[in-house]
Every structure is written in structure tokens, then in C-alpha cells.
Amino acid sequence: MKVLVKYRGELARLAGRESEEMEASRVDEVLRQIKARYGAQAFKEAGRMLITVDRQSVTLLQNRRTPLKEGCTVAFLPVCGGG
Amino acid sequence: MKLPVYLKVDLTTQAVEQMPISEEYFRLYVGGKSLAARLLLDLTEEGLDPLCPEAVCIINTGPLTGTGAPSTSRFNMTFKNVMTGGIGTSNCGGQLGVMLRRCGYDGLILTGRAEGPTVLEITDGEVSFRDGSELWGLDMEQTQQALPEHYGKLVIGPAGEHLVRYASAGSGERMAGRCGGGAVLGSKNLKAVIAYGTGEIPVARPEKFRRYVKRWINFTRKHPMTGDALPRYGSAGLVNKANATHSLPTHNFKYGHFDKADAVSGETMAETALTRNAGCVSCPIRCERRVKVENKEVKGPEYETLGLFGPNMDSDDLQAVLKLNYTCDLLGLDTISCAATIAFAMELKERGMADFGVEFGKVSELPRVVEQIAHREGIYSELANGSKWMSEKYGGGEFAIHSKGLELASYEPRRSVGMGLGYATSNRGGCHLNGGYVALLESIGVLMTDAQTTRSKAELTVFLQNSLESVSSAGCCLFSAQTFVPAIFFKLGPTHPVTRMVGGALAHMGPGVRLLLAASRLLRINTFYYVPHVEGLRLASGLPMYMGPFMEWGDRTFNLERLYNLREGLGGESDSLPGRLTREPQDPKRPDTVVRLDEMLPKYYAVRGWSDKGVPTEKRLRRLKIR
């Protein structure tokens, strides 16, 4: 499954890019590929970020086991706060 | 122990007198919005018009204000809420609070109405009244530039002068935005309060306090939220997060998700518009976004402003939001109520019920509309009254998004039902902060409990409402409370199994929280890593302040504000939300995407120790030492 992966914040710096295409069928596969391509630090950073699939938080879907569809967008966003 | 001293100012007669606060009141109410609520109840009669000369406006500080502790340049305004008729409070940064304390005063009690435009000046112990005629009509920025440079200031803009019901007051670029405090000052012909002092701010145990503050600052800087996420993105970073959990108000709260939200997100703002970040005095968080608007560097918008001037109007125009935010700040308008009222007018137009020339998705003309609202020009004078007033004239109560008359902030409660309960029970109306900000544990934080379940939401709401009351009353910015969520969860991230498990467990912690609330007075310990504010407050004030008394103080404050609301006619029937949020599922395929207030309110009243009509019982009030 070809998907678009978008990086934000520190992860974009570690990956040296803001987006790329990947072959993956689940979110955890994307995480594994990030580790393989950009190392343990990038993997750690990606794991602590908010992950969305087509702008939906994976915490509302199947978390890291969320299945991916052809052409979907997986985004890694910083966890923020406010008030 | 040094007791607070307030200055009572009658603007009609220009009589000024010192008012020492009794030890009993200091021990029970300490300062900030807590002590102010007590004084407002004591000093005013039932049923006053919030804009009449007899109305009282209290501007005060907490024992931590200006002490150098993290995020403590704050002061509070308390007055009769122009939007709701109940209690109105607003917590603001800037220099005024610090300078007031350096002048030797912990608060001001303003009453009466000046004969003409006036500036109240306090220089060390001296109080004077200056003619403010030349300042009348100037915007916030021009007004502050015309006043002496080194003074702490609180000023109003044209919106306050024209008694726009949601007019704000500003100190530097910081706003006391909500509830119409700007209109209250405007009704008193008070264009500005300025203060400059050279005295020392008293601290009960200075050496211990100094060492503690150093540790507290380090803790704040190292926490992933206050040391990294907020400095990097400010609250604006919440746009994408709220959108991903369907809690980003869109199309006047009809939906909770906007496909083009990224265009107005904190990340996009950081990449395309941010010039630098900045912060208040003594704040290590530095959450302020500096952005360029028409080649001028100004304060950028918070999340609430981005959400309500962006997706809630079906707009992805970031530049328009930046401009609108700046325009509101210049004119002295609360961006939340202003944007929400305009969105309501957009829906009125869409439904053919009224036409104010505003339409969803079209925001380029809005700066002109906002100008006309601030000056109450033509039909826009009606928009200056807020969405409740508008719905009473034109209909549409089902989709006028307010509680008690104050518009909701940018958190869609159908995907954060505890936040819905908080909005409905907040003493100042539809406010996320006075409502306990449970959304942080449901849809926008790192620990996410089930956002749809009503289980434990009453207990969590009460616990958080009480906690935030105390943090605010102490003189702290509520952003400093972001460290309540332990750093470990940010390091693991929201999708980590441990974070998920703890988040999930929150929905089962109701009985435990209830026990904690009931037994709070027994908790005579302080834990640095949970709420560092408590020990800081103990060292600064000299009061025997521990976790338990701190929580009970918040409870006392919330009940006191409730008593004010009850006296002014806002009882249990006002703990409500518009029908759109309680009856129309956000997702038509999921009937649970509504706020089930009817389920949560009885539990909430029970946890609070209130009657089934939402009235604090005598027993409860005696226990809290209010009676």
C-alpha cells in the first residue's frame, strides 16, 4: 500500500524532510520504517507524537495497529497544550 | 504573615481609602479571584446593573504575583458579568499586578463613575486622577503608548468605551478578555489604570522561597509541555490535535472536523508567520507567538482565536485570523465571544433568519465588521450584545453556542463530554478554564480517556475546577498547571500502551477522586512534582498551605462564586448548553456524540454536595467555612 507520510516538528528535522511516500499496510509498519531509515532517535520521537491517518487521530481508530488504505496520509504531529 | 491591603477608590467622588483585609479572610480566601468573589458578595447588593455606577470592579493579585515564581505576573479582574449577570472574572498577564504590589497594594476596589474620561494613577503610595479626555477614542496600543512608559497599565479600547458587552481590557498585549471587564471600566469612564512602584514584594520566607523558585523554574523548563511544546507552538499547536479528535468547532459548532484545518494550525503558523516567541515577566514558558501583520510584528493568536475565526467560520485563511486577532486586541474585544457571535450571525444568514452581511467562508471583510461592532455602528450594535441576546431577538437558541450567556471556547464538547459538563457548570459561563478544562484529559492532551463516556466525568470536572480556581487565585498563569500531567506520559507519547492504559483508567477513577475530595483536608503534605504551586504559595504567603487546604480553597472559591450566581438569579436551570450540543449527535451514525448533561448534572451536584437544584447545602457551606 503506497501512503504519504508527513513529518512535523523535531521529526521533520531528524528525517531531513517534511514528507515522503512509503509502502505500508499499518501504522506500526510506518514506525518501523522510520526506525530503519532515520534511526532510533527518530523512531523514539515519532512514537511520542500524535499520529493521524487522514487527519483522524489513531487513538480514535486502532492506535498503532490502524490499517492504512492506498493513497492515505499518515501525519506525525507534536503533542501540544493550551488553555 | 503580612495581610493584604486593598485600595478602595470611588470614581464619583475621587475618595480613596486603604482597606486592610482581615486575617480571617486572608486565611480563608487568600487572594486573587477567591478573595475577590468574597468581596464582591459583601460589597454589592443583589440585582445591580453590571454597568451602573454602583457596580464594583475588583482588580487584585495573589500572594505569588510578582514574586519571581514561574508564570506569576498575573492579576485578576472580578465584577458582575456583563454577558451573564452572574460572576465575571478574568485573569491577565502584563505588568499591572506586579506594579500594584510594588506600590504596596494587593488589590483595587473600584466603584462609582467618573465625571469624564479618567486615568487612575498610582505611584508608590500616591493616588491621583488624571484627565483622560485626550485618550478617549484611542485604541489599546495608542492609549498605552500615550501613557508613561515604565508603568504597569490596564486600558480599554473603543469597544469598552462603547460598552460592547464582551469588551476586554488589556495590559501590554495581554488581555483580560472574557465577561466584559472592558465595558465595566468603560461604564465608569475609566480609560486606564496605571501603577508604578519601587517597593519590595513581601515574601514570608524569602531564602527558602528563592531556592524553591529556582527548582520550580528548572522543573517548568524541563517538563515537555511547558519547556518544549508550549514555547515551540504556543496553544496554537492544538488546532491539528483538536481536529484529529473531532473536537475542533466547525461551521458554528455544527461539526468538529475541518478538512483544511492545517492551514490555520500552530505548525503552519510557526512555519509561515512566526517571527519569534516571547513571554510575560518571570515566565519561563514563553508561549507568546510573535507574528507579522501588515509588516508589523504583533502578538499572534491563541488556539481559541484560531479555531473560532478559522474553522468555526469555515475559513482556512491564516492571514485573516492574524489580522482579526490584532484588530480585536486594538479595539478591546474578546476574540472568543466576538468570533462566536459572528459565526452565529453567519448561521442566521444561512437559515434566512437575519442578515448582517456575514457568510461562512467569507472572512476578508470581517475586520471592517469587527470595527463596526466595537463602535456599535448601525446593525452591528446588535452583534455587540453577544449571541444569547441575538438569539432572543432573532431566534436560533438551539445553535447560539453559549452557556449562561457567555460563548463557548474552541473545544467541541460532543467529543469531550466532560468538557461539556464543565462549560455548563462554569460559574462565569461557557468557559473552558473555569469549567475545569477536562478536554485536556479527553481529546486534546496526551492522556486521553474515553471522551464519550459520562463515567467519572463529574468527579474529574469538580477536581479540576477546584484545582484551577486555586492556581489562578494564587496569582499564577493556568499554563503553569500543564505540569500536572507527569512528564513521563509526554515522553512515551499518546499512542504508547502505558499512556493509553492510564488514560483509559481515568474513566474509572471517579470513586477515588470523590474520596480524595472528601478527605482533602487531611492531606497536609506538599508534593513538588504534582502541584509545585502549593509549596510556593506556602513559602510566599506564610499560610499553612498544603495539598489538602489548597484543594479545599478551590472548592470554597467555586462555591462562593456559585453563591453569587444564585443571588443574581443563575441557578441550576442555567447549567445548560444549547440544543445543538445536547440533542444533535455530531456524528449522525453515533448517537453517543452528544453531551448527556441530564446524566452528568445530578452526579456533579452530588459530588459538589449541592441539592438536586444545584444549590450548595448549608452543611456544605459550613464545612467550607463560607457560613
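Chain letters run A, B, ... following the sequence lines, proteins first and then strands; every chain starts at 1. Since the model is a prediction, treat every value here as computed from it, not as a measurement. Excluded from the calculations below are hydrogen atoms, water molecules and symmetry mates; all remaining heavy atoms, backbone and side chain alike, are included.
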>> If I measure from the heavy atoms of chain A, does B:E267 come under 4.5 Å with its side chain, its backbone, both, or neither?
In response: both
> Using non-hydrogen atoms only, which part of A:T52 is less than 4.5 Å away from chain B: side chain, backbone, both, or neither?
Replying inline: side chain
> When rounded to the nearest 0.5 angstrom, what is the spacing between OG1 in B:T483 and NZ in B:K222?
Replying inline: 14.5 Å
> Using non-hydrogen atoms only, which part of B:S247 is less than 4.5 Å away from chain A: side chain, backbone, both, or neither?
Replying inline: neither
> Between B:F479 and chain A, which part of the residue has a heavy atom less than 4.5 Å away: side chain, backbone, both or neither?
Replying inline: side chain
>> Taking the ring of B:Y423 and the ring of B:Y411, is the distance between their centroids below 6.0 Å?
In response: no
> Ion pair present between A:D28 and A:R26, side-chain N to carboxylate O less than 4.0 angstrom?
Replying inline: yes
>> Under 4.0 Å between a side-chain nitrogen and a carboxylate oxygen: does that hold for A:R8 and A:E18?
In response: no
> Among B:E302, B:E304, B:R289, which residue meets the side chain to side chain donor-acceptor pair (under 3.5 Å) test with B:S235?
Replying inline: B:E302
> B:H432 versus chain A, heavy atoms under 4.5 Å apart: side chain, backbone, both or neither?
Replying inline: side chain
>> Need one label for B:I444: side chain, backbone, both or neither, based on atoms under 4.5 Å from any heavy atom in chain A.
In response: backbone
> More than 12 foreign heavy atoms under 6.0 Å from CZ of A:R37: is that the case here?
Replying inline: yes
>> For a quick check under 3.5 Å, do B:Y255 and B:E412 share a side-chain donor-acceptor pair by atom type?
In response: no
>> Which one wins on heavy-atom pair count under 4.5 Å against chain A: B:T245, B:V485, B:D228?
In response: B:T245
>> At a heavy-atom distance under 4.5 Å, which candidate from B:A229, B:S265, B:P497, B:P494 has the highest pair count against chain A?
In response: B:P494
> Is chain A contacted by the side chain of B:L492, its backbone, both, or neither, given a heavy-atom distance below 4.5 Å?
Replying inline: backbone
>> For the aromatic rings, using the six-membered ring if either is Trp, is the centroid distance between B:F258 and B:H251 under 6.0 Å?
In response: no
> Ion pair present between B:K299 and B:E288, side-chain N to carboxylate O less than 4.0 angstrom?
Replying inline: no
> What part of A:R64 lies closer than 4.5 angstrom to a heavy atom of chain B: side chain, backbone, both or neither?
Replying inline: side chain
>> Given heavy-atom pairs under 4.5 angstrom as the criterion, report whether the side chain, backbone, both or neither of A:L60 touches chain B.
In response: side chain
> With chain B, which of A:R55, A:E10, A:K44 has the greatest number of heavy-atom pairs at distances under 4.5 Å?
Replying inline: A:R55
>> Quick check on the interface: out of B:T226, B:D259, B:T499, who has the most heavy-atom pairs with chain A under 4.5 Å?
In response: B:D259
> Hey, which of B:G237, B:A481, B:A236 has the most heavy atom pairs under 4.5 Å with chain A?
Replying inline: B:G237
> Is any NZ, NE, NH1 or NH2 atom of the basic residue among B:R415 and B:E442 found under 4.0 Å from an Asp or Glu carboxylate oxygen of the other?
Replying inline: no
>> Under 4.5 Å from any heavy atom of chain B, what part of A:V79 do you find: side chain, backbone, both or neither?
In response: both
